[in-house]
Structure formats: C-alpha cells, structure tokens
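These numbers come from the heavy atoms of this one structure, side chains and all, not from hydrogens, waters or symmetry mates.
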Amino acid sequence: MTTASAFRVEWFVDHLALERGLSPRTVEAYQGDLKRLIKQLTELGVADPADVTHHHLREHVFALKEKGLAAASIRRAISCIRTYYEFLLSEGVVDADPTERLESPRGSKVLPRVLSREETVQLLEAPDSDSRMFWRDRAILETLYATGMRVSEAVGLRLGDLDLTDGFATVMGKGSKERITPLGAAARCALRRYLTEVRPAMDRGKAQGRVFLNVRGSPLSRVAVWTLVKETAQRAGLPEGISPHTLRHTAATHLLEGGADLAMVQELLGHADIATTQIYTHLNRDHVKAVHRKFHPRS
C-alpha cells in the first residue's frame with residue numbers, strides 16, 4: 001500500500017470537492033497542506049493516520065512556524081488537519097481524534113447538517129421515476145437513511161450481506177468488524193424491486209457480488225453515490241450541501257428524537273467510542289427542550 005493510499009488522500013480530496021463543495025483552489029490548498037503533513041509524518045516513521053498523536057501534530061505546527069509561514073496559512077493548515085480527521089472518523093478509518101487538543105483556528109465548529117422529517121421524505125421520493133435506474137437510486141437512498149451506513153459501507157455491500165426476509169443487513173466496518181443493522185420496510189421494498197427488476201439486467205459478470213452497480217455493471221463508487229445524493233437533493237428543491245453523510249447524521253438524529261438510547265445509535269452507526277455519537281445530542285436543542293418540558297417535574 002502506498003503512503004497516499006494508506007492516508008486515504010484520494011478519498012479526502014473527493015470528500016472536499018464533492019461533499020463539502022469546496023472550490024478547486026481551496027481543495028488544492030488543503031491537498032498541499034495534507035501532503036506536507038504526511039511528508040513530515042513519514043520522515044518520523046509514521047505510516048498510518050491511526051498512529052498519529054497530538055504530539056506529532058503539535059510538532060508539525062511548530063515546524064510550520066519555523067518555516068516562516070504566515071499566521072493565516074498556519075490556521076488553514078490546522079483547519080485542514082481537523083477536517084481530515086473528522087473525515088477519517090466518519091469513515092471509520094480511525095477511532096480517536098488527535099486534533100482535540102490542537103489549538104483551534106478562528107471560527108466555531110459547524111455541526112453536521114440534518115434534514116427535517118419533511119425534507120427527508122422529499123429527498124427519498126425525488127429520484128426520477130422515468131429513469132430505468134429509479135429503483136436502484138431509491139434503494140440506495142432508503143438504505144442510507146434506514147441504516148445510517150457510511151457511503152463506503154453501502155457501496156461495499158454484497159448480495160450475501162442482505163437478509164430481506166428478516167430485514168437485516170450485515171455491514172463490514174473498519175478492521176473487518178461486522179455489525180448487524182435493521183432494514184426498515186421502505187428500504188426492504190426498494191431493495192426487492194431493484195434486485196428483481198433492475199440489477200439482473202445490469203450484471204454482466206463484473207459485479208463482484210456487490211449489491212449496487214453502475215450502468216456498466218461494475219460496483220458503484222463512493223463518488224457516484226455522492227453525485228446521486230447531490231443531484232437528487234437538487235431535484236427535491238433542498239438546500240445545497242446534502243450528501244450521503246447528511247443521511248447518516250439524519251438517521252441518527254431521528255432515532256434519538258424518536259426515543260432511541262445513545263448506545264443503540266452507537267451500535268447502529270458503528271462508532272467505536274460513544275463520545276463520537278454524543279454529537280447528535282446537540283443537534284436539535286428545541287427537541288431536547290420539548291422533552292425536558294414534557295418529562296421533568298420542575299420544568
């Protein structure tokens with residue numbers, strides 16, 4: 001495995017351009033910041049992002065200062081590193097965030113975008129019903145929302161991972177760690193239609209057993225799913241910035257709003273640390289206040 005692939009550089013660049021919608025110039029700057037960090041880490045013998053510590057990052061920032069970089073450039077580099085580790089955490093590549101004690105750049109941290117229940121329905125029902133890919137697209141969206149899967153986990157699903165009779169999917173997470181996640185009725189229906197009416201004609205011997213295929217019969221890529229979600233959100237008239245991660249965040253938030261406990265949501269999302277799951281308790285303060293007023297005797 002090359003250094004770039006070990007550090008998921010290409011994945012991160014796709015994330016910046018497609019999911020975050022950053023300009024080509026900003027993506028290029030972040031890519032340069034990341035490559036500079038990886039170069040220093042490699043010189044220190046660190047070959048995996050999971051092995052990076054706060055000490056490594058602090059030394060990197062000191063090195064940037066010693067090179068005479070402007071304060072704005074250093075703040076951007078720190079922002080890049082924070083964004084990079086947020087991405088690695090969301091993809092299950094690392095379990096801990098070494099940037100937690102790193103001096104923050106100016107500006108507050110933005111919480112994940114979450115769709116309302118009405119917006120979610122708009123998105124799920126927005127695929128083009130005249131397209132021959134309608135049931136594939138609908139199945140992808142319903143699966144992402146039903147399970148809260150990462151996009152990499154969804155495109156990695158194999159036919160043997162699905163149990164539509166009992167309504168479960170076996171998800172392969174980080175380090176080949178499996179978890180079982182329920183499939184709701186809507187996701188099961190869409191998957192059945194896709195698997196019986198669409199996928200057989202798409203499979204031309206290049207599917208590798210994957211559930212979701214592209215028009216050429218090859219496994220669907222992460223980038224293709226990002227594009228699908230973005231274009232479907234536009235069809236639904238939703239604000240910009242909707243991505244597969246938005247559906248993951250939305251699934252978790254709606255579960256908590258419906259009464260699910262944090263540990264169950266942690267299991268569903270495949271978070272190694274429940275602290276990662278706790279961000280969703282901050283997303284809807286109005287809901288938290290409403291629950292408090294309803295159940296607390298002194299509210």
Side-chain angles (χ1 to χ4, degrees), residues 1-113 150-152 174-175 221-223 226-227 230 240-241 243-246 248-249 271-273 275-276 278-279 282:
M1 180 181 290
T2 65
T3 301
S5 60
F7 279 87
R8 275 49 170 207
V9 174
E10 185 176 346
W11 284 23
F12 182 56
V13 171
D14 286 343
H15 166 74
L16 295 175
L18 296 170
E19 183 180 346
R20 296 208 169 213
L22 301 183
S23 69
R25 188 172 181 176
T26 302
V27 171
E28 183 179 0
Y30 268 41
Q31 189 173 8
D33 290 333
L34 181 58
K35 287 183 176 180
R36 186 160 45 196
L37 170 64
I38 293 172
K39 182 177 183 294
Q40 182 171 347
L41 292 171
T42 303
E43 291 171 354
L44 295 172
V46 180
D48 191 296
D51 295 331
V52 176
T53 66
H54 169 70
H55 174 75
H56 292 134
L57 298 182
R58 187 177 61 180
E59 290 300 314
H60 179 64
V61 173
F62 286 159
L64 296 181
K65 292 178 179 178
E66 289 176 355
K67 288 180 180 179
L69 263 68
S73 297
I74 295 175
R75 285 197 298 270
R76 188 198 64 212
I78 295 174
S79 179
C80 168
I81 297 169
R82 285 186 176 279
T83 303
Y84 174 63
Y85 271 94
E86 285 177 5
F87 168 72
L88 294 182
L89 281 166
S90 72
E91 290 291 327
V93 176
V94 300
D95 293 328
D97 183 359
T99 72
E100 286 182 348
R101 292 187 297 149
L102 202 60
E103 183 181 353
S104 299
R106 293 175 185 173
S108 58
K109 191 173 181 178
V110 179
L111 291 173
R113 172 80 161 89
R150 302 176 178 95
V151 63
S152 56
K174 182 197 172 188
S221 69
R222 299 163 65 253
V223 173
W226 273 336
T227 302
K230 180 179 179 180
E240 293 185 0
S243 72
H245 284 309
T246 307
R248 179 171 164 86
H249 300 320
H271 286 159
D273 188 343
T276 307
Q278 287 175 329
I279 186 174
H282 303 295

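With sequence neighbours excluded, the residues satisfying salt bridge (Lys or Arg N to Asp or Glu O under 4.0 Å) with D33 are R36, R76. A search for side chain to side chain contact (heavy atoms under 4.5 Å, CB included) contacts involving E59 returns Q40, H55, F62, not counting sequence neighbours. A search for salt bridge (Lys or Arg N to Asp or Glu O under 4.0 Å) contacts involving R20 returns E86, not counting sequence neighbours. Taking the side chain to side chain donor-acceptor pair (under 3.5 Å) definition, one finds that T53 meets it with H56, sequence neighbours left out. Here P98 pairs with V52, L57, Y85 under the side chain to side chain contact (heavy atoms under 4.5 Å, CB included) rule; sequence neighbours left out. For T42, there are no side chain to side chain donor-acceptor pair (under 3.5 Å) partners, not counting sequence neighbours. Among residues two or more places apart in sequence or in another chain, the side chain to side chain donor-acceptor pair (under 3.5 Å) test is passed with Y30 by S79. For the side chain to side chain donor-acceptor pair (under 3.5 Å) test, residues two or more places apart in sequence or in another chain that qualify with E43 are K39. By the side chain to side chain contact (heavy atoms under 4.5 Å, CB included) test, V13 is found to be paired with V9, V27, Q31, residues two or more places apart in sequence or in another chain being considered. Residues forming a salt bridge (Lys or Arg N to Asp or Glu O under 4.0 Å) with K35 (at least two apart in sequence, or on another chain): none.
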For F87 and V93, what are the C-alpha separation, side-chain angles and deciding distance, and is it a side-chain contact (heavy atoms from CB on, under 4.5 Å)? CA-CA 9 Å; F87 168 72; V93 176; over 6 Å; no
Start with the C-alpha gap between E100 and H54, add the side-chain angles, then the distance that decides, and say whether side-chain contact (heavy atoms from CB on, under 4.5 Å) holds. CA-CA 8 Å; E100 286 182 348; H54 169 70; over 6 Å; no
Could you please spell out the steps behind the side-chain contact (heavy atoms from CB on, under 4.5 Å) verdict for E240 and R113? CA-CA 10 Å; E240 293 185 0; R113 172 80 161 89; over 6 Å; no
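The side-chain heavy atoms of K230 and L18, taken from C-beta on, include no pair separated by under 4.5 Å.
The two residues A6 and A47 have their closest heavy-atom pair at CB-O, 3.7 Å. Across all their heavy atoms, E91 and W11 have their closest contact at OE1-CZ3, 4.0 Å. When all heavy atoms are compared, the tightest approach of R222 to S152 is NE-CB, 3.9 Å. Closest heavy-atom contact between L88 and R8: CD2-CB, 4.3 Å. Taking every heavy atom of both residues into account, L89 and A96 meet most closely at CD2-N, 3.9 Å.
Note that CG of D51 and CG of L41 are 10.0 Å apart. Values are rounded to the nearest 0.5 Å.
For the side chain to side chain contact (heavy atoms under 4.5 Å, CB included) criterion with H60, the lone passing option out of I78, I81, L44 is I81.
The aromatic rings of F7 and Y84 sit parallel, their planes meeting at an angle under 30°, below the 60° perpendicular limit.
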